Q: 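Sharing a structure here in structure tokens format.
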2 protein chains.
Amino acid sequence: MSAKSNTPRSKYVPRAASITIKDVAREAGVSVASVSRVMNGHDNVQAETRARIQAVIERMRYSPHLGARELITRRSRIIGVLLPDLHGEFFSELIRGIDTAARERKLHLLLSSAHGDAAEMVAAIQSMRGRVEGLLIMAPHLDASGISERLSEPVPMVFMNSRVEGGLPSVSIDSYSGARAMVRHLVSCGHRTIAHISGPADNFDSHERRRGYEDELAASLPGARALILPGDFGEASGHAAGCALAARSPRPDAVFAANDMMAIGALSAFGSQGLEVPRDIAIAGFDDIPLAAFVRPALTTARVHIAELGRLALRRVVAAIELALGQPLDEPGDLAPDCLTLQPEPVVRQSCGARLAGPLNEK
Amino acid sequence: MSAKSNTPRSKYVPRAASITIKDVAREAGVSVASVSRVMNGHDNVQAETRARIQAVIERMRYSPHLGARELITRRSRIIGVLLPDLHGEFFSELIRGIDTAARERKLHLLLSSAHGDAAEMVAAIQSMRGRVEGLLIMAPHLDASGISERLSEPVPMVFMNSRVEGGLPSVSIDSYSGARAMVRHLVSCGHRTIAHISGPADNFDSHERRRGYEDELAASLPGARALILPGDFGEASGHAAGCALAARSPRPDAVFAANDMMAIGALSAFGSQGLEVPRDIAIAGFDDIPLAAFVRPALTTARVHIAELGRLALRRVVAAIELALGQPLDEPGDLAPDCLTLQPEPVVRQSCGARLAGPLNEK
DNA sequence: CTCGCATGTGTAACCGTTTACATGTTGGTG
DNA sequence: CACCAACATGTAAACGGTTACACATGCGAG
């Protein structure tokens, strides 16, 4: 019979082994437990021993393997973020908001973008299982309620700007009210025929803004016909729609674009068609992206705090995690309500043709 | 003495235990090994057994705990992305590019933003240890070479648009050449006094563009004085600089802004000062963000494929990982060169005052 | 009829941590 | 002086997977 080898099997150390807690323990002449205690700032270790271990940790530049820690503690401090294929500043602002709030809480973000149906979303979520503690999901194109049911196990999740049912936690922008307010404003400026450039057909916000346009039109200008041109939230589609509107006869007095990008595209189209805004045609957008204030004429729009949306969503998911855990993550948590709706706030600039009295309504 | 309990210690199951491979194995009446084999698509399991296990997996909706798998396989399929505090479309385009390439390879992105010095960067990287297989780093404000040295263990990493030394892998935009080309173009349009709105002082790209401006000015217009106004890559700073330039006497013929955002800000300032672009003053930007084509007059700029930068950086880090591993991650890898420089390509539109013959140089 | 080999399945070691519990070692107290 | 608390430290189980190796079986060849 062969003697049992007590050297570790080499097969299990295929690559350059990194420094583990065991290496530190051996080097310092203590057990792994003590090293662990020092690493986690426990106080039940003698000052002298602690110093020795500390020194070795620094000398070897040991930093713990978070994956392993996560396995036993079941805390990863990672939030999964699932977004559709987003463009432009909306995307970056949203991420910034989420990231800001995450940084404050020392949380990490695992990003995943899926531009597909519910099945793809579920797959993406599954592929995060065992890594994330909570989920932030933006599913603007479909009914988000189905997603959570299709999951094998419940993960704390918060939806952003999605159509949710059944009281799932969510943070949204009130696109409908914002659109109504904007149309109302255009009417108050004296415009009587108001066209709409809509966003993608399968998008929730897009749908809500269009609905707001239609309802307010019917309410404010009884008898007025809705005129809707399709767009896709991109500048190019706004440009195209702008060209179409400029060529139209009779030309509408004003245009309400479903977002600023398209409004800017339309503005550019009007300019190249020789129309003067707002004298010949007025326009208003939605979102108040930073550029809206810098185009000529400056764009009237509905301000949406996108970063705030992200920030609130993250705080909400933290609250959901704490709820599931039955204990605060760190400090006493900041529990937000289950369903939150942010109100867009109209920003009146030049493009709508409002007769501004006194100082401009501008930051 | 007390009998040794053989029930698992309850302390270790503090929360709703999720379905593990053991549950599946028990339910299917096999060992965990067989379940694992099925999950990983190994062929050494009988068709009948496989079907039974498969059924249980689906019924219980089992999906493996990735963190645990990662521990033993040492593969997480996660790439860490470390970015500075970025704004606007540059950020979103970059992420999109990285994400696109990551999706193709079924990799995940762990996002972290740090707007600080090297120490903070190192801390952020440490906090990813044991979770990421590679790193994508953008450190525009400092010498990135120091970072890799301060790390306890080498992780495959690729820098983006950073000042690197010592042949560290990187993907960058050739801001210097781009700036020279743009200034050269302005000169060729007949402009003789050309001002520059620069980016943040501690930014690498900003520095390179400014250097390109100065060198080309000296080369093309010997004796011309450089006129540099400070900016910060934001529209507002461009607007402020634009106001200052418009009020200046004598007014420069043309302005080269270090990025499009500032150029658009300046454009807006010129408009509100009653100047007509390009007749009274010409302007050119850098980046070619989508909006550049939609402002009036359309902005002449240097096109930078930001998404491409991200895509290439990700491919490069995959190559670096494969190199470190000594084997391809999946299929034969696409090894990119160690240091890659992307050339910006001038896009001539109206704002520079070029006498465009024939069809516009526009997509 | 044995032997060898292929094939399918189970057992247990291992990844790098945390932590409950056991085991010293003190020092104070009755 | 025995006893016990308090404290420091070590030991080993556990987290949820993967996989090398052992083992059992069936079958064809010598």
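Every heavy atom of this structure was used, including side-chain atoms; hydrogens, water molecules and symmetry mates were not. Computed from a predicted model, the values in this text were never measured in an experiment.
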Q: Please state whether the phosphate of C/dC15, meaning OP1 or OP2, lies under 4.0 angstrom from any side-chain nitrogen or oxygen of B/Arg74.
A: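 The answer is no; no side-chain N or O of B/Arg74 sits under 4.0 Å from OP1 or OP2.
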
Q: State, to the nearest 10°, the angle formed by the axis through the first five base pairs of the helix from C/dC1-D/dG30 to C/dG30-D/dC1 and the axis through its last five.
A: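 Taking the rotation axis at each end, their angle is 70°.
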
Q: Looking at B/Lys106, is its backbone amide N or carbonyl O close enough to the side chain of B/Arg77 to form a donor-acceptor pair, meaning the two atoms are under 3.5 Å apart?
A: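 Side chain of B/Arg77 to backbone of B/Lys106: a pair is present.
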
Q: Of the options C/dG16, D/dG17, D/dG10, whose atoms approach the side-chain atoms of A/Thr20 most closely?
A: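 Nearest to the side chain of A/Thr20 among the choices is C/dG16.
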
Q: Could you tell me the separation between the CE atom of B/Met39 and the C1' atom of D/dT18, rounded to a whole number of Å?
A: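 About 12 Å, once rounded to whole Å.
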
Q: Using OP1 and OP2 only, check whether a side-chain N or O of B/Thr73 sits under 4.0 Å from D/dG17.
A: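 Checking B/Thr73 against D/dG17: no side-chain N or O falls below 4.0 Å of OP1 or OP2.
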
Q: With sugar-phosphate meaning primed atoms plus P, OP1 and OP2, does A/Ser36 contact a base, only sugar-phosphate, or nothing at under 4.0 Å between heavy atoms?
A: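 Base, at least one base heavy atom under 4.0 Å.
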
Q: Taking B/Asp99 for the side chain and B/Ile95 for the main chain, is one N or O donor matched with an acceptor at less than 3.5 Å?
A: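 No, because the side chain of B/Asp99 does not come within donor-acceptor range (under 3.5 Å) of the backbone of B/Ile95.
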
Q: Whole angstroms only, please: what is the CD1-C1' distance between A/Ile21 and D/dC15?
A: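 In whole Å, D/dC15 C1' and A/Ile21 CD1 are 15 Å from each other.
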
Q: Which residue lies toward the 5' end of DNA chain C, B/Gly29 or B/Leu71, if each is placed at its nearest nucleotide?
A: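 Result: B/Gly29.
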
Q: Give a yes/no on whether any side-chain N or O of A/Ser31 is located under 4.0 angstrom from OP1 or OP2 of D/dG10.
A: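 Yes, because at least one side-chain N or O of A/Ser31 sits under 4.0 Å from OP1 or OP2 of D/dG10.
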
Q: To the nearest Å, give me how far apart CD1 (A/Ile57) and C1' (C/dT17) are.
A: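 My rounded result for the distance is 13 Å.
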
Q: Give a yes or no answer on whether the side chain of B/Thr73 reaches the backbone of B/Arg69 with a donor-acceptor pair at less than 3.5 Å.
A: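 Pair found, side chain donor or acceptor close to backbone of B/Arg69.
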
Q: Identify which nucleotide among C/dG16, C/dT17, C/dT11 has an atom closest to any side-chain atom of B/Ala33, counting heavy atoms from C-beta outward.
A: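 Closest nucleotide among those given: C/dT11.
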
Q: To the nearest angstrom, how far is A/Glu70 atom CD from C/dT17 atom C1'?
A: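 Atom-to-atom, A/Glu70 to C/dT17, this comes out as 11 Å.
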
Q: Using the rule given for salt bridge (charged side-chain N to carboxylate O under 4.0 Å, His left out), can you reason through A/Glu70 versus B/Arg131, listing the C-alpha separation, both sets of side-chain angles and the distance that settles it, and then say yes or no?
A: CA-CA 10 Å; A/Glu70 170 191 340; B/Arg131 277 218 248 267; 3.3 Å; yes

Q: Taking only heavy atoms on the protein side, list every residue of residues 40-50 of chain A lying under 4.0 Å from any atom of DNA chain D, sorted numerically.
A: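 Within residues 40-50 of chain A, the residues near DNA chain D are A/Asn44, A/Val45, A/Gln46, A/Thr49.
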
Q: Between C1' on C/dC15 and CZ on B/Arg75, what's the gap in Å once rounded to a whole number?
A: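 For the pair B/Arg75 CZ and C/dC15 C1', the rounded distance is 14 Å.
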
Q: Please report the C-alpha distance between A/Ser127 and B/His108 in whole Å, then the side-chain angles of each, then the deciding distance to 0.1 Å, and finally whether the side chain to side chain donor-acceptor pair (under 3.5 Å) criterion is met.
A: CA-CA 9 Å; A/Ser127 81; B/His108 284 260; 3.2 Å; yes

Q: Please check this pair: side chain of B/Ser92 against backbone of A/Ser92, looking for a donor-acceptor N/O pair closer than 3.5 Å.
A: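 Judged by distance alone, no pair lies under 3.5 Å.
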
Q: For a quick test of reading the model: is some side-chain N or O of A/Arg129 closer than 4.0 Å to OP1 or OP2 of D/dG17?
A: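 Indeed, a polar side-chain atom of A/Arg129 lies that close.
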
Q: Do any N or O atoms from the side chain of B/Glu133 and from the backbone of B/Ile79 form a donor-acceptor pair under 3.5 angstrom?
A: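 Not a single qualifying donor-acceptor pair exists.
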
Q: Under 3.5 Å, is there any donor-acceptor pair linking the side chain of A/Arg37 to the base of D/dG10?
A: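 Flag set: donor-acceptor pair detected.
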
Q: Going through the distances and angles, do A/Asp23 and A/Arg26 end up as a salt bridge (charged side-chain N to carboxylate O under 4.0 Å, His left out)?
A: CA-CA 5 Å; A/Asp23 301 321; A/Arg26 183 166 2 88; 2.9 Å; yes

Q: Whole Å only: how far is the CD1 atom of B/Ile53 from the P atom of C/dG8?
A: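 Rounded to the whole Å, the gap is 13 Å.
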
Q: Tell me the interatomic distance from B/Lys22, atom NZ, to C/dT11, atom P, rounded to whole angstroms.
A: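 Going from NZ in B/Lys22 over to P in C/dT11 covers 13 Å.
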
Q: May I ask you to decide if A/Val30's main-chain N or O and A/Ser34's side chain share a donor-acceptor pair within less than 3.5 Å?
A: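 Side chain of A/Ser34 to backbone of A/Val30: no pair is present.
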
Q: Indicate yes or no for a side-chain donor-acceptor contact from A/Ser36 to the backbone of A/Val32 under 3.5 Å, with no hydrogens or angles considered.
A: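 Judged by distance alone, no pair lies under 3.5 Å.
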
Q: Using atom NE2 of A/His65 as one end and atom P of C/dT18 as the other, report the distance to the nearest whole Å.
A: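 Going from NE2 in A/His65 over to P in C/dT18 covers 12 Å.
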
